[in-house]
Amino acid sequence: MTRAQELRLPPGLWVSALPNRFRKYRFDQLRDLLLEYDLDGVWMDYVHWHAQFEDPEPILPETCFCKHCLNSFSKDYNIRLPDATTTEKAEYILTNHEPAWRKWRCEVIYDWTTNIKSIMTEIKPNALLGLYHCPWDDDEFNGARERILGLDYDLLKKTVDVFSPMVYHQRMGREPNWVEDNIVWFGKKIDAELGAYPKIWPIVQAYNEPGIVTKEAFETVLRGGLAGKSTGVMMFTTQAMAEDEAKTEVMKKVYKELLESHGE
């Protein structure tokens with residue numbers, strides 16, 4: 001199977017909508033949302049080219065070689081594509097223009113954030129733009145965060161006010177202590193500074209799937225989410241935390257300590 005051939009996903013797996021489509025629909029939704037409600041912020045969720053990054057061994061498809069994406073790439077980078085099948089065009093790009101292709105895909109994601117930020121600045125200039133995103137570092141899965149998902153932090157930090165790495169340790173097959181390591185690394189990666197933007201507010205796992213996230217593990221990931229230059233932390237899901245008395249007490253304790261450390 002070549003890199004550009006069709007990927008058939010097993011039952012139960014999902015494929016996200018392609019980020020090069022549905023732009024006007026989503027931007028119109030955002031405008032309506034901002035005009036109707038007095039919001040302090042809007043978080044983008046799963047804004048990336050498709051990959052199921054929450055899995056310990058993620059599926060990493062090469063996307064997207066639809067007519068719209070091929071035409072946009074060809075026009076934006078002034079690259080003439082051969083008169084051939086879709087698979088042949090994809091193979092041509094990956095063989096002859098892979099660096100440009102990877103860069104273009106990152107720019108598509110960045111363009112989403114710039115447009116969304118522009119709309120927010122127009123309607124709610126003080127509202128924060130947040131991003132829930134894959135927490136892989138630069139090297140994991142052969143650089144798949146940029147290479148496959150199209151997430152270039154050097155670009156995104158120009159428009160994103162708050163990064164919220166989705167450090168779901170158990171779903172991703174990691175130990176609870178990994179959360180702290182990841183957040184410390186991420187702060188250095190984006191040159192985060194306390195009291196400045198962009199801020200780091202991770203989202204950690206409280207939900208019992210797969211297996212059970214114990215109260216001890218939950219406390220470890222909450223504290224890990226506050227490591228380095230992070231100034232806030234949230235959990236997935238708040239309902240899973242609220243339904244578990246022990247986790248609720250852990251959350252209260254950690255949040256109280258956070259408030260006290262800020263003199264509140």
Side-chain angles (χ1 to χ4, degrees), residues 1-9 13-31 43-55 58-120 129 131-160 163 166 189-190 198:
M1 178 175 179
T2 64
R3 287 193 295 173
Q5 284 179 312
E6 179 183 6
L7 177 68
R8 297 187 182 277
L9 299 177
L13 301 185
W14 49 270
V15 177
S16 56
L18 298 172
N20 218 23
R21 303 292 188 100
F22 309 111
R23 290 166 55 88
K24 184 180 184 304
Y25 173 70
R26 287 302 189 195
F27 295 162
D28 287 345
Q29 280 189 317
L30 176 62
R31 288 189 180 92
W43 260 244
M44 299 175 290
D45 197 6
Y46 289 97
V47 182
H48 57 75
W49 298 88
H50 181 70
Q52 294 187 222
F53 69 83
E54 295 174 14
D55 294 344
I59 295 173
L60 302 174
E62 289 284 4
T63 60
C64 164
F65 298 100
C66 72
K67 183 181 294 186
H68 179 81
C69 288
L70 291 173
N71 289 341
S72 296
F73 170 67
S74 176
K75 179 181 178 180
D76 292 345
Y77 275 74
N78 195 28
I79 292 175
R80 184 174 180 177
L81 301 180
D83 183 11
T85 66
T86 299
T87 298
E88 289 169 341
K89 288 180 181 178
E91 286 295 339
Y92 172 81
I93 290 171
L94 293 175
T95 300
N96 299 282
H97 300 287
E98 183 170 1
W101 175 250
R102 305 296 181 193
K103 185 172 184 287
W104 175 79
R105 294 169 81 258
C106 289
E107 289 170 348
V108 169
I109 302 300
Y110 173 60
D111 189 57
W112 267 81
T113 69
T114 56
N115 278 273
I116 289 174
K117 184 63 176 177
S118 177
I119 294 169
M120 294 176 64
L129 174 59
L131 176 67
Y132 291 118
H133 60 94
C134 170
W136 291 339
D137 65 26
D138 293 342
D139 300 322
E140 291 182 79
F141 305 104
N142 192 26
R145 192 199 69 249
E146 277 194 35
R147 181 175 58 87
I148 298 296
L149 275 73
L151 296 175
D152 182 339
Y153 292 145
D154 290 334
L155 289 177
L156 294 171
K157 70 182 184 180
K158 297 177 183 180
T159 52
V160 173
F163 284 94
M166 302 163 76
K189 174 66 180 178
I190 66 169

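In this text the structure is predicted, and so the values were computed from the model without any measurement. Heads up: numbering here begins at 1 and tracks the sequence.
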Quiz prompt | Heavy-atom side-chain proximity of F53 to R145 below 4.5 angstrom | solution = no
Quiz item: In Å, rounded to the nearest 0.5 Å, how long is the span from CG of N71 to SG of C66?
Solution: 8.5 Å
Practice problem: Can you see which heavy atom on V160 is nearest to which on T113, and at what distance? | Solution: CG2-CG2, 4.4 Å
Self-check item: Side-chain donor/acceptor of T114 to backbone N/O of D111, under 3.5 Å
Solution: yes
Quiz item: Can you check whether R105's main-chain N or O pairs, donor with acceptor, with W49's side chain at less than 3.5 Å?
Solution: yes
Self-check item: For A51 against L149, the heavy-atom pair lying closest together
Solution: CB-CD1, 3.5 Å
Self-check item: Heavy-atom neighbours of N78 CG exceed 12 at 6.0 Å
Solution: no
Self-check item: Between CG on residue L156 and CH2 on residue W112, distance to nearest 0.5 Å
Solution: 13.5 Å
Quiz item: So which heavy atom on A84 is nearest to which on K89, and how close?
Solution: O-CE, 3.4 Å
Practice problem: Evaluate the side-chain proximity of C134 to L151: yes if any heavy-atom separation is below 4.5 Å, no if none is. | Solution: yes
Practice problem: Could you check if a side-chain atom of H48 sits within less than 4.5 angstrom of a side-chain atom of I148, using non-hydrogen atoms only? | Solution: no
Practice problem: Please round to the nearest 0.5 Å and tell me the distance separating atom CZ of R26 and atom CG of N115. | Solution: 15.0 Å
Quiz prompt | side-chain contact (heavy atoms from CB on, under 4.5 Å) evaluation trace for Y132 with Y46 | solution = CA-CA 6 Å; Y132 291 118; Y46 289 97; over 6 Å; no
Practice problem: Heavy atoms only: give me the nearest V47-M44 pair and the separation to one decimal. | Solution: CG2-CB, 3.4 Å
Quiz item: Can you list the steps and then say if L94 with R102 is a side-chain contact (heavy atoms from CB on, under 4.5 Å)?
Solution: CA-CA 9 Å; L94 293 175; R102 305 296 181 193; 3.8 Å; yes
Self-check item: N142 side chain near R147 side chain, heavy-atom distance below 4.5 Å
Solution: yes
Quiz item: For the side chain of E140 and the backbone of D137, is there at least one donor-acceptor N/O pair under 3.5 Å apart?
Solution: yes
Quiz item: Are any side-chain N or O atoms of S74 and backbone N or O atoms of L70, one a donor and one an acceptor, separated by less than 3.5 Å?
Solution: no
Quiz prompt | Nearest non-hydrogen partners of K117 and T159, listed with the distance | solution = CD-O, 3.8 Å
Quiz prompt | Flag side-chain contact, heavy atom, 4.5 Å: P135 against F163 | solution = no
Exercise. For D45, look at atom CG and say whether over 12 heavy atoms of other residues, nucleotides or ligands are found less than 6.0 Å away.
Key: yes
Quiz prompt | Results of ring pair (Phe, Tyr, Trp, His ring centres under 6.0 Å) for W101 - residues two or more places apart only | solution = F65, F73, W104
Quiz item: Any chance the rings of Y92 and H97 have centres within less than 6.0 Å?
Solution: yes
Quiz prompt | Minimal non-hydrogen separation, C64 against C69, with atom names | solution = O-CB, 3.3 Å
Quiz prompt | Single hit among H133, E146, K189 for side-chain hydrogen bond (donor to acceptor under 3.5 Å, both in side chains) with Y153 | solution = H133
Quiz item: With a 4.5 Å limit on heavy-atom distance, are the side chains of I93 and E98 in contact?
Solution: no
Quiz item: If you measure from NZ on K158 to CG on D152, what distance do you get to the nearest 0.5 Å?
Solution: 8.5 Å
Self-check item: K103: side-chain contact (heavy atoms from CB on, under 4.5 Å) partners, not counting sequence neighbours
Solution: Y77, E107
